[in-house]
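So you know, we letter chains A, B, ... as the sequences are listed, proteins then strands, and number each from 1. Note that these values count all heavy atoms, side chains included, but never hydrogens, waters or copies made by symmetry.
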Amino acid sequence: MHRYRNHTCGDLRESHIGQTARLSGWVHRVRDHGGVLFIDLRDHYGLTQVVADPDSPAFKEAEKLHSEWVIRVDGKVRKRPEGTENKELPTGMVEVFVSEIEVLGPAAELPMPVFGDQEYPEDIRLKYRFLDLRRERLHNNIIKRGQIIDSIRRRMKDGGFFEFQTPILTASSPEGARDYLVPSRIHPGKFYALPQAPQQFKQLIMMSGFDRYFQIAACFRDEDARADRSPGEFYQLDIEMSFVTQQDVFDAVEPVLRGVFEEFGGGMPVTQKFPLIPYADALKLYGTDKPDLRNPIKMQNVTSAFAGSGFKIFAGMIAADPKVEVWAIPAPKGGNRAFCDRMNSWAQGEGQPGLGYIFWREGEESGAGPLAKNIGPERTKQIADQLGLGVGDAVFFVAGKPKDFVKFAGPARTKVGQELDLIAKGKFEFCWIVDFPMFEWNEEDKKVDFSHNPFSMPNMGTEEFLALDAAADQDKLLAINAIQYDIVCNGTELSSGAIRNHRPDVMKKAFAIAGYGEDVLEAKFGGMLRALSLGAPPHGGIAPGIDRIVMLLCGEENLREVVLFPMNQRAEDLLMGAPSDVTPKQLKELHIRLNLPQK
RNA sequence: GGGGGCGUAGCUCAGUUGGUUAGAGCGCUGCCCUGUCACGGCAGAGGCCGCGGGUUCGAGUCCCGUCGCUCCCGCCA
């Protein structure tokens, strides 16, 4: 007999009746009836009911047990008495009549129970993460995460990709997020940085002739947290391919994601062919570059219906500035005053002066609400016709410069969808967002910046791009798109990628436009530049976020529910106590003196 | 760095217009109970009402500050 077990707690069936079983596990729950006592014994594999009564030599021992003690039990497997079977449990036809109990690991009083599904505060859950991980929900999420990653690896390898490991201690990069720094002992005053992503490495792998790279890569960014953004570290399915166009990347990645979502999505339908939506269209239609396509609402430009109209606020704005537009958010089935007022007060809560609306109802087929009165029936009908709205429907309006109001229009569209229950649940709606602008205007510094990734290829002829004059062609610069793309699923940005800039001359030009001299480029990307100038293949890739994929597939709203040992929102690991003080000796070795902020 | 929400027993929460001794459920402890599987019953322990200040005859309740948690903005090539 094995020291601890000859079966797991998920094993025993009727076929084992009569055998002697040795099980080890956690006391999940004790039900003490005085004369008879039930112990639900739990391990990773399942739950088995262990029974003791006064005839059992272990009865006295059994009465002392508490939840979450780790024990070993020996006993006879027997059929449960007629009518007491538990069909909910795979082991529910049998029970183990205990003859011996050995306590392997007693437990003190628990700060949170494993049994049951009561909500517990985050700080307690994180401090006692190992208890939380014993609970069914987290335990299953973590298992599912592992299975998803297995499936991704298999699919990538089947697609001809090869897995690489890249350095964790690397050099700080000037663009992007704040780096995590690691001081060098050997080089006083110098620092390694943890990679924000293996971006340069994966490109160098392509320049090293390997052709198809992937990695489940740890990424480190010193950024503040969100519900869907871990502080500190997260994982990406990092992908790079040589001799590819944007379409080749899509063709390689789409089946992997679709397959994984079909495999683990619980039967929920998945977009079969991901639509391509240009960035500019996404903003116009959905007010965001990560639209939730489960929400059917599409916004439209209705500026002409308000220009010169009797609604002086909008008409005045339009007359004063040619950049001002009015966008309509249609709200089918929202045609009642209560809903429109609710939206209006929601908008005020968002810091807006209000939310103009028109609605149509029986008896007021030509439009109800103050706005309709102001602009008159003809213009109201123009709006109704353009949006295909009628009695029972409503429409809301946002006005101003689109650049300024999209941040409100997007959430307003989402709010209308939620309030009217228009968002289709139970499916995964994917799309590609393409044609991101290469540069953007930095109002603060009065200069042109990279708008996303400095390594993206501008979508413009090489000669034409090289001929650009950074000062004179500013409008032209801001109109250039990069060959860059995002994958969005149900309103969550899953990934970002690009066809890379593999030409050193174009690279130098792009950095010059953003105000970086060749010296900066040389100092910060010297290795990369060398590689680009010694025979670089055209290449591109993408990097879907593993944590977000798992989050969507587990139906969780928060990344901490799908990460084994997450940090809290302030980037602290409450279980391990990180970050922590270090000894003066350690600091001395690293040539570091602390200069702490005044309290 | 900024804004919103929350903070009452170990946990989830209730607590009226400011008014006697702050409650319930779960958990915990003890006792009873031979077929439960969210077992049941009885009894009990457990509270600086986050902290500090103020208003008031009187504050869990109102005001100010502060701390913590959380969500968001900034930030996220």
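- Using a 4.0 Å heavy-atom cutoff across all strands shown, A/Asp224 reaches at least one base atom of the nucleic acid.
- Within the nucleic acid shown, A/Glu85 comes within 4.0 Å of at least one base atom, counting heavy atoms only.
- We find that CG of A/Leu89 is positioned 15 Å from P of B/rU36, with the value rounded to whole Å.
- A/Arg560 comes within 4.0 angstrom of sugar-phosphate atoms only, judged by non-hydrogen atoms across all strands, and of no base.
- With centroids closer than 5.5 Å and planes inclined by less than 30 degrees as the test, A/His33 and the base of B/rC39 pass as a stacked pair.
- Salt-bridge formation is not detected for the pair A/Asp117/A/Arg135: no Lys NZ or Arg NE/NH1/NH2 atom is positioned less than 4.0 Å from an Asp or Glu carboxylate oxygen.
- At the heavy-atom level, A/Glu119 lies under 4.0 Å from the strands shown only through sugar-phosphate atoms.
- Residue A/Glu88 is out of contact with every strand shown, counting any heavy-atom pair closer than 4.0 Å.
- In A/Arg503, the CZ atom is not crowded: 12 or fewer heavy atoms of neighbouring residues, nucleotides or ligands sit closer than 6.0 Å.
- Considering only side-chain N and O atoms, A/Arg31 lies nowhere under 4.0 angstrom from the phosphate OP1 or OP2 of B/rU36.
- Remark: B/rU66 base-pairs with B/rG50; criterion is Watson-Crick or G-U wobble with both hydrogen-bond distances under 3.5 Å.
- A donor N or O paired with an acceptor N or O is found under 3.5 Å between the base of B/rC37 and the side-chain atoms of A/Asn86.
- If you check B/rG40 for Watson-Crick or wobble pairing at under 3.5 angstrom, you find it paired to B/rC32.
- Judged by distance alone, with hydrogens and angles left aside, A/Arg29 brings no side-chain donor or acceptor close enough to the base of B/rG27 to form a pair under 3.5 Å.
- Within the structure, a side-chain polar atom (N or O) of A/Arg226 is placed less than 4.0 Å from OP1 or OP2 of B/rC73.
- One C1' atom belongs to B/rU17, the other to B/rU36, and the distance between them is 49 Å to the nearest Å.
- The side chain of A/Lys127 places no N or O atom within less than 4.0 Å of a non-bridging phosphate oxygen (OP1 or OP2) of B/rC69.
- Pairing for B/rU16 is absent, with no Watson-Crick or G-U wobble pair whose two atom distances lie under 3.5 Å.
- Here B/rU36 presents its P atom at 15 Å from CG of A/Asp32, a figure rounded to the nearest Å.
- Classification of A/Glu68 and A/Arg42 as a salt-bridged pair holds, one side-chain N sitting under 4.0 Å from a carboxylate O.
- At B/rU70, one or more side-chain N or O atoms of A/Gln569 fall inside 4.0 Å of OP1 or OP2 (strictly under the cut-off).
- The 5' end of RNA chain B is approached more closely, in terms of each residue's nearest nucleotide, by A/Phe115 than by the other of A/Phe115 and A/Ser451.
- When all heavy atoms of A/Lys290 and A/Thr288 are compared, the closest pair comes out as N-OG1, 3.0 Å.
- Checked by atom type and distance alone, the side chain of A/Arg13 pairs as donor or acceptor with a backbone atom of A/Asp11 at under 3.5 Å.
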| task | Report the C-alpha separation of A/Phe201 and A/Phe164 in whole Å, then their side-chain angles, then the decisive distance to 0.1 Å, and conclude whether the ring pair (Phe, Tyr, Trp, His ring centres under 6.0 Å) test is met. | result | CA-CA 10 Å; A/Phe201 290 116; A/Phe164 295 77; over 10 Å; no
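- When heavy atoms are screened at a 4.0 angstrom cut-off, A/Asn558 is found touching the sugar-phosphate backbone but no base atom.
- Base pairing of B/rG1 is made with B/rC73, judged by Watson-Crick or G-U wobble geometry with both donor-acceptor distances under 3.5 Å.
- Under 3.5 Å, the side chain of A/Arg229 and the base of B/rC75 form at least one donor-acceptor pair of N or O atoms.
- Pairing for B/rC26 goes to B/rG10, judged as Watson-Crick or G-U wobble with the two contacts each under 3.5 Å.
- Positionally, the nearest nucleotide of RNA chain B for A/His66 lies more toward the 5' end than for the other of A/His66 and A/Phe455.
- Residue contacts shown for A/Pro81 include a base, since a base heavy atom lies under 4.0 Å away.
- Residue A/Glu109 is classed as a sugar-phosphate contact, given heavy-atom separations below 4.0 Å to backbone atoms only.
- Neither OP1 nor OP2 of B/rC37 sits under 4.0 Å from any side-chain N or O of A/Arg42.
- With hydrogens and angles left out, the side chain of A/Arg80 and the base of B/rC37 share a donor-acceptor pair within 3.5 Å.
- A salt bridge links A/Glu100 with A/Arg72; the closest basic N to acidic carboxylate O contact falls under 4.0 Å.
- Using a 4.0 Å heavy-atom distance criterion, A/Glu95 is classed as a base contact.
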